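All values below were derived from every heavy atom in this structure, side-chain atoms included, with hydrogens, water molecules and symmetry-related copies excluded. Keep in mind that what you see is a predicted model, and the values were worked out from it rather than measured. Every chain is numbered from 1, with letters handed out A, B, ... down the list of sequences.
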There are 2 protein chains.
Amino acid sequence: MEGKLLNKYEASLLKPPMPCFSIPWFVRGDFERNKFILDSESVASYGYVTDYVWRIMATEGKKTTIKDIAREAGVSTATVSRILNNLEGYTGETRKRVMDVIERRQYRPSAIARGLVSQQTKTIGVLLPSLSSRFMNTLIEGIESQAQAHGYSVILCNTDRDGVRTADYLKVLGEKRVDGIIFTSEWVTSEYALALKKLDVPVVLVATNSWQYSFPSIRTEDKAAAYSAVRYLIEKGHRRIGMVGGTHSDKIAGIPREEGYFEALEESGIPRDTTMVSHGDFHFASGIRAMQELYERHPEITAVFAASDEMALGVLSFAYAHGIRVPEQLSVIGYDDTLDAQMSIPPLTSIHQPIYEMGAEAVMTLLESQDAMGKVLPISITERDSVCALRGSE
Amino acid sequence: MEGKLLNKYEASLLKPPMPCFSIPWFVRGDFERNKFILDSESVASYGYVTDYVWRIMATEGKKTTIKDIAREAGVSTATVSRILNNLEGYTGETRKRVMDVIERRQYRPSAIARGLVSQQTKTIGVLLPSLSSRFMNTLIEGIESQAQAHGYSVILCNTDRDGVRTADYLKVLGEKRVDGIIFTSEWVTSEYALALKKLDVPVVLVATNSWQYSFPSIRTEDKAAAYSAVRYLIEKGHRRIGMVGGTHSDKIAGIPREEGYFEALEESGIPRDTTMVSHGDFHFASGIRAMQELYERHPEITAVFAASDEMALGVLSFAYAHGIRVPEQLSVIGYDDTLDAQMSIPPLTSIHQPIYEMGAEAVMTLLESQDAMGKVLPISITERDSVCALRGSE
DNA sequence: CGCTGTAACGTAATCGGTTACGTAAAACGT
DNA sequence: ACGTTTTACGTAACCGATTACGTTACAGCG
């Protein structure tokens with residue numbers, strides 16, 4: 001350990017707990033020329049102050065703090081803080097002087113320290129079950145953009161549909177004291193609900209909702225949407241309509257969409273036939289598989305309603321592989337109207353959800369009102385080329 | 001304002017700056033039964049302490065802190081901290097008692113307060129130019145997953161290719177004192193580089209690099225990858241090969257891939273012909289447009305190399321719309337090998353980048369070593385059904 | 001010229017943890 | 001039995017901001 005040069009400020013930090021002058025005896029130097037030598041040999045033998053010595057040593061490349069600014073500008077930290085936060089209580093001249101120092105030293109106030117006293121972090125956490133779907137992309141885009149517009153950052157939490165990861169993230173978000181949580185697309189179990197409530201921060205649900213536990217939720221009416229999709233096919237003259245559904249037990253995007261499907265059919269006098277529905281997991285590969293099952297059972301179908309665009313693409317791929325022409329021989333309608341629907345061959349007719357807006361709306365709900373009730377957004381049908389009208393009788 | 005019940009702890013917080021007993025005179029009550037009344041009428045007339053009174057009032061639903069735990073368990077905060085951090089210096093008995101209190105009160109230490117002293121936030125910032133591509137998805141997945149595995153959270157920053165947003169985010173990340181920054185897919189201008197250097201945190205570049213400024217970067221060799229794509233087509237017998245390139249001036253994914261394309265051709269004795277390249281912006285719609293231009297200029301081409309999967313899908317769509325059969329009449333090879341490539345009709349042969357791994361690797365580099373040099377990851381070709389061999393002579 | 005209101009600051013407590021150093025008691029050593 | 005080391009804690013400074021309240025100098029007024 002060698003003697004180290006200290007400037008006046010660093011030396012002034014040396015305030016050992018025993019009574020002594022403001023600059024302790026183990027710091028020698030030229031006060032006028034602002035140069036000091038830390039006499040580490042004497043220091044080492046004086047165990048009491050090693051803590052302070054260590055601090056000085058570590059002080060090397062430290063970030064400039066509000067204290068540095070205050071000292072250099074010759075004001076108190078309170079004044080600097082006031083200036084930074086556009087409060088009042090200082091002359092224009094003082095302001096300029098302080099701002100100059102801030103500029104020169106490239107000072108950036110620590111959001112950490114700020115958060116500690118203000119008790120808010122300007123951060124929100126977003127929990128989602130997956131990252132690899134266009135739906136999530138667009139949702140995140142909406143969330144991120146709205147959050148950034150309001151000065152908030154978003155922490156991304158991919159739960160991977162895993163209870164442990166979810167619990168982990170809930171814990172972390174709690175410790176990081178996020179100002180709000182957006183919980184997406186996954187069924188809110190009672191454990192999750194309890195954990196969320198205990199965190200005692202605003203929560204908004206997106207593309208899901210909860211019965212017993214009251215959280216505001218931003219969503220669409222899945223059942224009604226499915227109903228209109230199938231209704232649309234019926235109006236085009238189709239009667240033998242199959243469905244490639246989502247996860248069988250999914251209380252959000254599974255069961256309700258299937259219900260809507262059946263309801264539309266029954267309304268047209270077509271009896272409920274569960275063999276006309278096969279299930280996937282919303283993703284591409286499962287769409288192919290489900291379509292295969294469906295086709296083996298019911299080669300006579302003229303139209304398919306898929307519970308997600310990706311599965312609809314699976315249906316398209318199956319049709320292509322088996323020489324079934326879309327839409328001439330088979331009409332396909334998807335769900336979500338993501339980019340996937342635009343890029344497919346042929347372009348996919350799909351139930352349009354305002355996904356981006358749902359994300360944005362979720363952030364608004366989170367930030368604006370604590371007693372919000374959530375919102376149900378309208379869906380529509382984006383017509384492209386994967387559905388054609390059936391002429392003549394069956 | 002009415003008198004308010006205080007418990008012993010709340011009352012003990014009342015420490016007005018004038019000399020008095022530990023419980024000030026304006027708090028009356030039954031110390032034994034832990035009930036206190038805040039005599040607000042006398043308080044109101046005693047202006048000096050309004051600050052403290054307000055604090056008490058606001059204390060209502062406050063989070064439990066380490067002090068609460070310490071008091072309830074009958075130890076000091078230091079001991080609680082030691083237990084929380086698995087340091088040593090306590091009996092198993094003490095530990096149990098403290099842990100019980102922690103459990104009962106559902107105590108979670110504040111990462112904010114922790115961060116203030118430890119000077120680290122266990123958070124990394126990820127800057128990316130867009131969120132709406134499969135490439136970004138997968139990259140984020142890799143990053144998020146690796147970060148979470150190491151106890152870090154990721155703050156998502158969509159710069160939207162906008163200088164102002166980028167600067168904004170750089171400022172925010174600086175103030176939030178993130179432990180590291182991953183900068184993705186966008187050219188590092190000297191302003192960005194300067195700003196990044198000034199933040200004084202580890203930075204890792206992904207899918208980009210910088211010449212003048214030394215940051216470790218995780219990437220693939222774009223030129224070599226493009227070269228092998230075209231080489232692959234040549235080996236399949238193609239000689240009239242067009243390219244649907246990315247943004248003309250893009251120093252990362254534009255120019256190098258074009259260079260690789262030309263190099264492969266020239267090596268096979270096919271002269272450089274810039275009219276064989278048309279440009280898009282890596283996205284779907286631009287792929288269609290670029291293919292249209294290319295096809296109008298060179299209807300004789302038998303194969304196309306697209307600088308992104310999305311543009312390759314555009315090429316496929318164009319071909320479909322114009323009755324050109326893929327791969328029989330036109331072979332197409334994409335770039336990135338994202339999910340898009342698997343879902344297209346026909347499934348797309350594509351240059352495979354280990355995108356997920358790149359994300360994961362970036363996090364590793366960020367966390368592990370401060371003097372890392374970055375890494376170049378290998379690419380490969382994933383063969384699917386969009387390329388066929390050309391027989392016979394031209 | 002003395003009194004008072006106000007603008008412009010300074011002082012110090014505070015947010016919720018971590019940690020260097022102090023210390024009393026127990027364990028150990030001879 | 002007594003000095004020494006170790007154990008198990010407690011005390012208080014500190015991280016970097018915000019802010020309630022204090023204070024001083026000056027302006028305005030009678």
- prompt: What are the two closest heavy atoms between A:Ile124 and A:Ala147, and how far apart are they?
  reply: CD1-CB, 4.1 Å

query: Looking only at side-chain N and O atoms, does A:Ser110 come under 4.0 Å of OP1 or OP2 in D:dG16?
result: no

field: side chain to side chain contact (heavy atoms under 4.5 Å, CB included) against B:Val172, all qualifying residues, sequence neighbours excluded
entry: A:Ser153, B:Lys176

- prompt: What integer distance in Å separates B:Asn86:CG from C:dT19:C1'?
  reply: 16 Å

task: Give me the bend of the helix from C:dC1-D:dG30 to C:dT30-D:dA1, using the axes of the five pairs at each end, rounded to 10°.
output: 50°

- prompt: For B:Val117 and B:Ala78, take the nucleotide of DNA chain D holding the closest heavy atom to each; which residue's nucleotide lies nearer the 5' end?
  reply: B:Ala78

query: How would you label the contact of A:Val80 with the nucleic acid (heavy atoms, under 4.0 Å): base, sugar-phosphate, or nothing?
result: nothing

- line: Of the listed D:dT11, C:dC15, C:dG17, the closest approach to the A:Leu116 side chain comes from C:dC15

query: From C:dG17, D:dA17, C:dG10, pick the nucleotide closest to the side chain of A:Arg82?
result: C:dG10

- prompt: Does any residue of residues 90-103 of chain B have a heavy atom under 4.0 Å from DNA chain D, and if so, which ones, in number order?
  reply: B:Tyr90, B:Thr91, B:Thr94

task: Grab the CG-C1' distance between A:Asp68 and D:dG16 for me, whole Å please.
output: 10 Å

field: Whole angstrom value for the distance that separates C1' of C:dT19 from CG of B:Leu84
entry: 14 Å

query: How would you list, by chain and number, every residue that makes a side chain to side chain contact (heavy atoms under 4.5 Å, CB included) with B:Arg165, sequence neighbours excluded?
result: A:Glu144, A:Gln148, B:Asn158, B:Asp160, B:Asp162, B:Tyr169

task: Of all the heavy-atom pairs spanning B:Ser76 and B:Ala70, show the shortest one and how long it is.
output: C-CB, 3.7 Å

message: The criterion is side chain to side chain contact (heavy atoms under 4.5 Å, CB included); which residues satisfy it with A:Lys197, sequence neighbours excluded?
response: A:Ser214, A:Phe215

statement: Closest of D:dT11, D:dA17, C:dG17 to the B:Pro109 side chain is C:dG17

Euclidean distance, atom NZ of residue A:Lys63 to atom C1' of D:dC14 [Å, nearest integer]: 19 Å

- prompt: So, is B:Gln119 near the phosphate of D:dG16, with a side-chain N or O under 4.0 Å from OP1 or OP2?
  reply: yes

message: So if I take every side-chain heavy atom of B:Thr77 and compare against D:dG16, C:dT18, C:dG10, which nucleotide ends up nearest?
response: C:dT18

message: With a 4.0 Å cutoff (strictly under), does any side-chain N or O of A:Ser81 reach OP1 or OP2 of D:dT18?
response: yes

- prompt: Could you give the CD1-to-P distance, from B:Ile66 to D:dG10, as a whole number of Å?
  reply: 12 Å

message: I'd like to check the ring pair (Phe, Tyr, Trp, His ring centres under 6.0 Å) partners of A:Tyr107; sequence neighbours left out, ordered by chain and number.
response: none

query: What's the CD-C1' distance between A:Glu88 and C:dT6, to the nearest Å?
result: 11 Å

field: Phosphate contact (C:dG10 OP1 or OP2) by A:Thr79 side-chain N/O below 4.0 Å
entry: yes

statement: Atom CG of A:Leu87 and atom P of C:dA7 are separated, to the nearest Å, by 15 Å

- prompt: What is the distance, rounded to the nearest whole Å, between atom CG of A:Asn85 and atom P of D:dA20?
  reply: 12 Å

